[in-house]
Structures are given as C-alpha cells and as structure tokens.
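Protein chains get the first letters and strands the later ones, always in sequence-line order, with residue 1 at the start of each. Heavy-atom basis, side chains included; hydrogens, waters and symmetry copies ignored.
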Amino acid sequence: MKLPISFYQRQNVVTIARDLLGKVLCTQFNGNLTSGIIVETEAYSFVERGCHAYRGMTERNKVMFELGGISYVYLCYGIHHLFNVVTNREGKADAILVRALEPKNGIEMMMERMHVKSPKRITSGPGKLTKALGIDRSHNGKQLFDQELWIEEVSKKISSKNIIESKRIGIDYAGEDANLLWRFSVKKNEWVSK
DNA sequence: TACGTGATCACG
DNA sequence: GTGATCACGTAA
C-alpha cells in the first residue's frame, strides 16, 4: 500500500525520518519497476544550520517550502543526485534525505543502470540509490503518490530497539547542529552506507 | 587522504 | 558576471 499523503504532512520531521525505515521506495519508468527497503535516513529542518532551507528560500530549495508529500532532488558535488522527502506544512521547510536502501525489486535493472555485474552495495549511499532507481533532477517536486515515484508501507515495522541514532554525514559547516542525532539506520543491516 | 564535477549561492 | 562551496563516491 502506498503511504498516504498525511504520513508526510506531520510536523515532527525526526519522527517521520524514523518511521521511513522499513518502508519501500519505488520507481517505475517505462514499465521497469525498481524498489528497495529504506534502511538509512537523515532529518533536516529549516530551524537548524544543516538544512538547505535554513537561510530561506532559493531557486534550488523552493520545493522544500511546499506542502509535504513531494520529492526534493538536487545535484551534489556536480555528480550525484540526492533524493529527499519533503515533510510538514506549507512554509515549514523540512525534508528527509534517503541515504541507503536494501534492494527489493528490479535488481537486474539497477545493475544495468550502475554498469556493474553484481548487486553488492549497489544502493548503499545517497548518490548510488538514486542512480540505481533512475531518479534525477527531473523528478524534483514530484508528488510521492503517483505512477512513477512513490513509497509503500509493508507489513513489518522496524522496532525502535533496532534503530541506531547517529550524527548526520557531511555537514561540518553546520556548527553545533552537526551534533544532532538525526541520522537513523537499521541495526546490523549490511546495506547501510559506510 | 585526495579530487572530480557542475549547479548554486552570495557577492558586487 | 564570478569564485567558493558542496547532505558523494572511488581510488589509493
């Protein structure tokens, strides 16, 4: 079942980042379904320095200010497309970076997109999973309740004792806010990024 | 540890 | 316009 839009429109981005673990991120382009179980996320909120929206709205981050339930995809280091889920109400610019997946459907297609012959660590990192699922900036601002890009709920939920909290990666510029334990990952899951 | 890579942002 | 910066990944 696709997650309802109300899932994304709650106000606590940290809670939603935890809740996303165990959900399934899916894409379907030209009939090719690819998906993976979300095993690592990071929360970002406009109130703290780690967030792109901290200094207000720009051309790049404007979709973060829209009502939750859409994607925010941007190019990082000139090479990698990073996929985020926009949450909260209009004007409250929060988002969750999806950092790693455990591959589920369409593994052959993912290997083809990655130009590799083995699925080993094929979706273990935020730049890699977008490439494996075929996500790029053309999907920025897209509704997460549609035919090409969505997130599904599966029966089993990750219990809180199996969730590891840690500091977010690669935001040294954020000062004290870099110490927030807003990165969440599934304990002992081999697909978590290194 | 070092660096490729190009859009973006804050200057003027 | 321009230059510094960057929510990564790979090689070494």
Roughly, in whole Å, what's the span from [atom1] in [X] to [atom2] in [N]?
X      : N      : atom1 : atom2 : result
A:E59  : B:dC9  : CD    : P     : 8 Å
A:K194 : C:dA11 : NZ    : P     : 15 Å
A:N84  : C:dC8  : CG    : C1'   : 14 Å
A:D172 : C:dC8  : CG    : P     : 10 Å
A:L82  : B:dT5  : CG    : P     : 18 Å
A:R55  : C:dA4  : CZ    : C1'   : 14 Å
A:K120 : C:dG9  : NZ    : P     : 16 Å
A:I79  : B:dA2  : CD1   : C1'   : 13 Å

- For A:G127, which contact category applies under a 4.0 Å heavy-atom criterion: base, sugar-phosphate, or nothing?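 A:G127: backbone/sugar contact only, no base atoms under 4.0 Å.
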- Task: Under 4.0 Å between any heavy atoms, over every strand shown, what does A:L97 touch: base, sugar-phosphate, or nothing? Just pick one.
- Result: base
- Item | Test item: side-chain donor near acceptor, A:T34 and A:T27, under 3.5 Å |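 Looking only at side-chain atoms, A:T27 and A:T34 do form a donor-acceptor pair, the distance falling under 3.5 Å.
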- Message: Under a 3.5 Å threshold, yes or no: a donor from one side chain and an acceptor from the other, between A:N88 and A:Q9?
- Response: no
- Item | ring centroid sep under 5.5 Å plus plane angle under 30, A:Y77 with B:dG6 | no
Under 4.0 Å between a side-chain N or O of [X] and OP1 or OP2 of [N]?
X      : N     : value
A:R60  : B:dC9 : yes
A:H52  : C:dA7 : yes
A:K131 : C:dC8 : no
A:R121 : C:dG9 : no
A:Y72  : C:dA7 : no

- Enter the distance from A:I96:CD1 to A:N84:CG here, rounded to the nearest 0.5 Å.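 Between atom CD1 of A:I96 and atom CG of A:N84 there are 9.0 Å.
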- Task: Count the heavy atoms of every other residue, nucleotide or ligand shown that sit under 6.0 Å from CD of A:E165, and state whether that count exceeds 12.
- Result: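 More than 12 heavy atoms, drawn from other residues, nucleotides or ligands, come within 6.0 Å of this atom.
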- Item | Partner nucleotide of B:dA2 by Watson-Crick or wobble geometry (both distances under 3.5 Å) |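 For B:dA2, the partner nucleotide comes out as C:dT10, under the 3.5 Å rule.
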- Message: Closest approach to the side chain of A:K128, judged atom by atom: which nucleotide of B:dA7, C:dC6, C:dG9 is it?
- Response: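 Closest nucleotide to the A:K128 side chain: C:dG9.
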- Query: Where the side chain of A:R137 is concerned, which of C:dC8, C:dA7, B:dT8 is the nearest nucleotide?
  - Reply: B:dT8
- Task: Tell me whether the guanidinium CZ or amine NZ of A:R10 lies under 6.0 angstrom from the six-membered ring centre of A:Y8 and within 45° of its axis.
- Result: no
